[in-house]
Amino acid sequence: MRRVLMLVFSVLMAFEWGGTAGASDYKATWKLACTQAMDHPYMVGAQKFVDLIRERTQGRITIKLYPSNQLGKGEREMTEGVQQGAIDLLVTSTGPLGGFSPSINILDFPFLFRDFKHVDLVLDGAIGQKLLDDFGKADIKALAFWENGFRHLTNAKGPIRKVEDGKGLKIRTMENRVHLAAWKAAGFNPTPMSWGEVFTALQQRVIDGQENPVAVFYSNKLWDAGQKYFSFSAHVYSPAPILMSPKAFNALPGEDRKLVLSTAMEVARFQRKINRDAEEAKLQEIAKKGVTVTRDVDRESFRKAMAPVYREFSAQFSKAEIETIMNAK
Ligand code: EAX
């Protein structure tokens, strides 16, 4: 009887620790990828994550950072790398993620969120957790929502204050069906493109403009690619989930899994704050680089022009689902 009990106990313990060696001796070295450079808030957050994980596992788990598209042309390719286990961790916008986990596209609708407080309320609640959990169906472990930020329209041709000013403008969008549809509805001429191709395409005037948060524009010095006009449109909020390969996550003992998840969540708050706190100073720096920053954008004209995109995707995202997010307080 005693032997049976001991056997049951040891099986339960093995299950609790994720069926691998005990937490105290598990070691790993992970690769963390990203499209952005080390000065971008993605990588400031990633460095914090690296430091905390190393400290809290007494050096058992170390993470090497691969910024600036070193491990792939763009976020879609690198997300595939996470699925295959070639990349252990990826900080990415939700741009191409709808192709992996369709439900995430609900966050890509224009003018869905009122402000950062609204964003945090939704992403850090049950809706956000469900969207993270949905990635499990695509062989991806989504740990937490870090932040890219509210996206703004930039171009090389002239100041854009209301949506009509940009009619026919050739702009790059992420490889995202909702964004593509929204800019088409607004009368622009959108082209989906992975981030790694954007700077050259802007420089060569293959496209006239793009749209991204302040930090991406600033960190990539897009004024050097001829983007002389920045319209503070804040037309969509861009979350940045930190994704992990199930191969790396499932190999972890139970306690280390909990540590990785709680640390990713803790860094989410830190990373969003540093992104937000730095935005105004970066915008002023951008203006000093000779970029005309239009702050009094007629956002209502953009919101009205992009509104048809909600109807276009009403089969996938019900009015009730959208309103639950929009009206969250
Ligand atoms: O995630 O592709 C984009 O425009 C993204 O915002 C950028 O890669 C940062």
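Treat the numbers as computed from the prediction; the structure is a model and nothing was measured. Just follow the structure's listing: the first ligand is 1, and inside any ligand the first atom is 1.
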**Message:** Under the rule for side chain to side chain donor-acceptor pair (under 3.5 Å), what residues qualify as partners of E266, not counting sequence neighbours?
**Reply:**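 If we apply the side chain to side chain donor-acceptor pair (under 3.5 Å) test to E266, skipping adjacent residues, the hits are R56.
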
**Residues that Q70 engages under side chain to side chain donor-acceptor pair (under 3.5 Å), provided they are two or more places apart** =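 Q70: no side chain to side chain donor-acceptor pair (under 3.5 Å) contacts found.
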
**Asked** Partners of W146 by ring pair (Phe, Tyr, Trp, His ring centres under 6.0 Å), sequence neighbours excluded?
**Response**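 Once residues adjacent in sequence are excluded, W146 has no partner under the ring pair (Phe, Tyr, Trp, His ring centres under 6.0 Å) criterion.
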
In a simple table, one pair per line, please give the protein and ligand 1 atom names for every N or O pair closer than 3.5 Å, along with the distance.
unit_1, atom_1, unit_2, atom_2, d
ligand 1, 1 (O), Y42, OH, 2.7
ligand 1, 1 (O), E75, OE2, 2.5
ligand 1, 2 (O), R172, NH2, 2.8
ligand 1, 4 (O), R151, NH2, 2.9
ligand 1, 4 (O), R172, NH1, 2.7
ligand 1, 4 (O), N212, OD1, 3.3
ligand 1, 4 (O), N212, ND2, 2.8
ligand 1, 6 (O), N148, ND2, 2.9
ligand 1, 6 (O), R151, NH1, 3.0
ligand 1, 6 (O), N212, OD1, 2.6
ligand 1, 8 (O), T35, OG1, 3.1
ligand 1, 8 (O), E75, OE2, 3.2

**Asked** Looking only at atom types and distance, does a side-chain atom of Y66 sit under 3.5 Å from a main-chain N or O of I87, one as donor and one as acceptor?
**Response**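 No: the side chain of Y66 does not pair with the backbone of I87.
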
**Asked** Is K221 paired with D224 through a side-chain N to carboxylate O contact shorter than 4.0 Å?
**Response**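 No, D224 and K221 are not salt-bridged.
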
**NZ/NE/NH1/NH2 to OD/OE distance under 4.0 Å, E279 and R272** =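 Answer for the salt bridge query: no.
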
